[in-house]
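Below: the structure, in C-alpha cells.
Naming convention: chains lettered A, B, ... in sequence-line order (proteins, then strands); numbering from 1 in each chain.
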There are 2 protein chains.
Amino acid sequence: MNVTKALNIMKEQGFKYTAKREELLQLFSDEKRYLTAKEVLNSLQKNYPGMSVDTVYRNLAIFEEMDILEMTELEGEMHFRFSCSTTAHHHHLICLECGKTREIETCPMDWLNENVDGGFEVTGHKFEIYGMCAECKRTKQKEAAHV
Amino acid sequence: MNVTKALNIMKEQGFKYTAKREELLQLFSDEKRYLTAKEVLNSLQKNYPGMSVDTVYRNLAIFEEMDILEMTELEGEMHFRFSCSTTAHHHHLICLECGKTREIETCPMDWLNENVDGGFEVTGHKFEIYGMCAECKRTKQKEAAHV
DNA sequence: AAAACAATTAGGAATCGTTACGATTTATTG
DNA sequence: CAATAAATCGTAACGATTCCTAATTGTTTT
C-alpha cells in the first residue's frame with residue numbers, strides 16, 4: 001500500500017480529499033508499524049493543532065474498511081498500520097516496544113481447517129507473535145548499562 | 001481446575017477465604033466458558049446485592065496470577081475462564097456468541113520457532129479461532145425462522 | 001467563479017470498561 | 001476475644017472510544 005494508491009481507492013469509494021487525510025496516510029507510509037489513535041493524533045496535531053479525536057477515529061475506521069489500513073488490538077488499544085503489500089493472507093511478528101512488524105507467510109489455519117469443523121463455523125482467527133525486535137533489544141541493553 | 005483445588009491454592013498463597021471468592025470460583029466451575037467482568041458481577045450480585053466492581057476485578061486479577069483463571073481479550077473486553085485441566089500449552093476455538101470454547105492441542109509455534117529468530121526475542125503469542133458453535137448456530141436459525 | 005449540496009470537521013459531552021481510593025468490615029492468628 | 005492485616009464497599013477517577021451539533025470545506029453544477 002502507498003499514499004497515491006490509497007487516495008485513489010478513497011476517491012473511487014466516493015470519499016472526499018482533504019489535506020488531513022493525505023497527511024494521515026503519509027504518516028502510515030513513513031512509519032511502517034502499528035500506531036495507536038493517540039500517536040496518530042499527536043503527530044497530525046503538529047501541523048493541525050485543532051485536529052479533533054473524532055476526525056482521527058473516523059478516518060482510521062473508513063481506511064480500515066477500505067483495506068487501506070490493518071487493525072489489531074494490542075494491550076487493550078486499537079493499533080493501525082498500512083496494509084502490507086502482499087495481498088496474500090499473512091500474520092505478523094510484533095515488537096511490543098516500537099510496534100514494528102515482520103510478516104510471516106505461514107498461517108496455522110492451513111493445517112487446522114480440516115480438523116476443526118464438527119458444527120463450529122469459523123469466522124475468523126488471530127495469530128500474532130509478540131516480543132522485542134533486535135533494535136529495541138539493543139536500545140534496552142544500552143539503557144541498562146548506564147544505570 | 002475445580003473449586004476445591006482453587007481454594008487450596010488461594011490459601012497456600014496467603015489469601016483469605018471469603019464466601020464471595022468461593023461463589024466466584026463456583027460460577028466459573030458451572031459456566032465453562034469465557035465470562036466478562038460484568039457477567040461475573042451481575043451473577044454474584046444476585047446473592048450479594050452490594051458487591052462492588054472493585055472486588056470483582058481484584059479477585060479476577062489475583063486468580064489469574066495464580067493460574068486459576070485464564071484471561072484473554074475479546075472485542076475490547078477482558079474475558080476469564082477456569083483454567084483448562086490439561087496442564088499442557090494449548091489454544092482455543094472460541095464461540096463469540098456464548099463464550100464457549102474447545103481446546104486445540106496443536107500450537108503453531110511448534111512449527112515456527114526455528115524460522116523466527118533473527119534477533120527477534122519472542123515473549124508470547126496468541127492463537128485463537130473465532131466463530132459460532134453448533135448450538136448457537138441452531139438458536140440463530142430458529143430465531144431467523146420466526147421473523 | 002458562484003451557488004448548492006453533501007461530506008467533513010471541531011469541540012466537547014457521553015459512554016464504556018477498568019483502576020484507584022479512603023473508610024469500614026471481615027477473616028485469621030495467637 | 002483482641003490484634004492485625006486483608007478484603008470489601010461505594011464512589012470517584014481514568015483512558016480509550018463513540019456520539020452529537022453547528023460550522024466548515026470539497027465537489028458538482030450552473
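Between D/dC9, C/dT9, D/dT17, one nucleotide has an atom nearer to the side chain of B/Thr55 than all others, and that is D/dC9.
Remark: side-chain polar atoms of B/Gln45 are paired, donor with acceptor, to backbone N or O of B/Met51 under 3.5 angstrom. Under the 3.5 Å distance criterion, the side-chain polar atoms of B/Thr36 are left unmatched by any main-chain donor or acceptor of B/His79.
Between the CD1 atom of A/Ile62 and the C1' atom of C/dT9 there is a distance of 12 Å, given to the nearest Å. Straight-line distance from the CD atom of B/Gln13 to the P atom of C/dT28: 16 Å, rounded to whole Å. Taking atom OH of A/Tyr57 as the reference point, atom P of D/dT18 lies 7 Å away to the nearest angstrom. Computed from coordinates, the B/Asp54 CG to D/dA7 C1' distance equals 9 Å when rounded to whole Å. If you measure from atom OH of B/Tyr48 to atom C1' of D/dG10, you get 19 Å, rounded to the nearest angstrom. Taking atom CZ of residue A/Arg21 and atom P of nucleotide C/dA10, one finds them 11 Å apart after rounding to whole Å. Atom NZ of A/Lys11 and atom P of C/dT8 are 12 Å apart (whole Å). The NZ-C1' distance, from B/Lys38 to C/dT15, rounds to 11 Å in whole Å.
Of the side-chain N and O atoms in A/Arg58, one or more sit less than 4.0 angstrom from OP1 or OP2 of C/dT9. Residue A/Lys20 places none of its side-chain N or O atoms closer than 4.0 Å to OP1 or OP2 of D/dT25. Contact check, B/Thr18 against C/dT26: no side-chain N or O comes under 4.0 Å of OP1 or OP2.
Both B/His79 and A/Asn59 lie close to DNA chain C; mapped to their nearest nucleotides by heavy-atom distance, the more 5′-ward contact belongs to A/Asn59. Positionally, the nearest nucleotide of DNA chain C for A/Ser52 lies more toward the 5' end than for the other of B/Gly76 and A/Ser52.
Checked against the 6.0 Å centroid threshold, A/His91 and B/His125 do not count as a close aromatic pair.
Within the 4.0 angstrom heavy-atom criterion, only backbone atoms of the sugar-phosphate kind lie near A/Tyr17; the bases stay farther away.
Taking the six-membered ring where the residue is Trp, B/Trp111 and A/Trp111 present parallel rings, their angle staying beneath 30° rather than reaching 60°.
No hydrogens or angles considered: a donor-acceptor pair under 3.5 Å links the side chains of B/Thr72 and B/Lys126.
For C/dA6, the base has a donor-acceptor partner in the side chain of A/Lys16 [N/O atoms by modelled type, under 3.5 angstrom].
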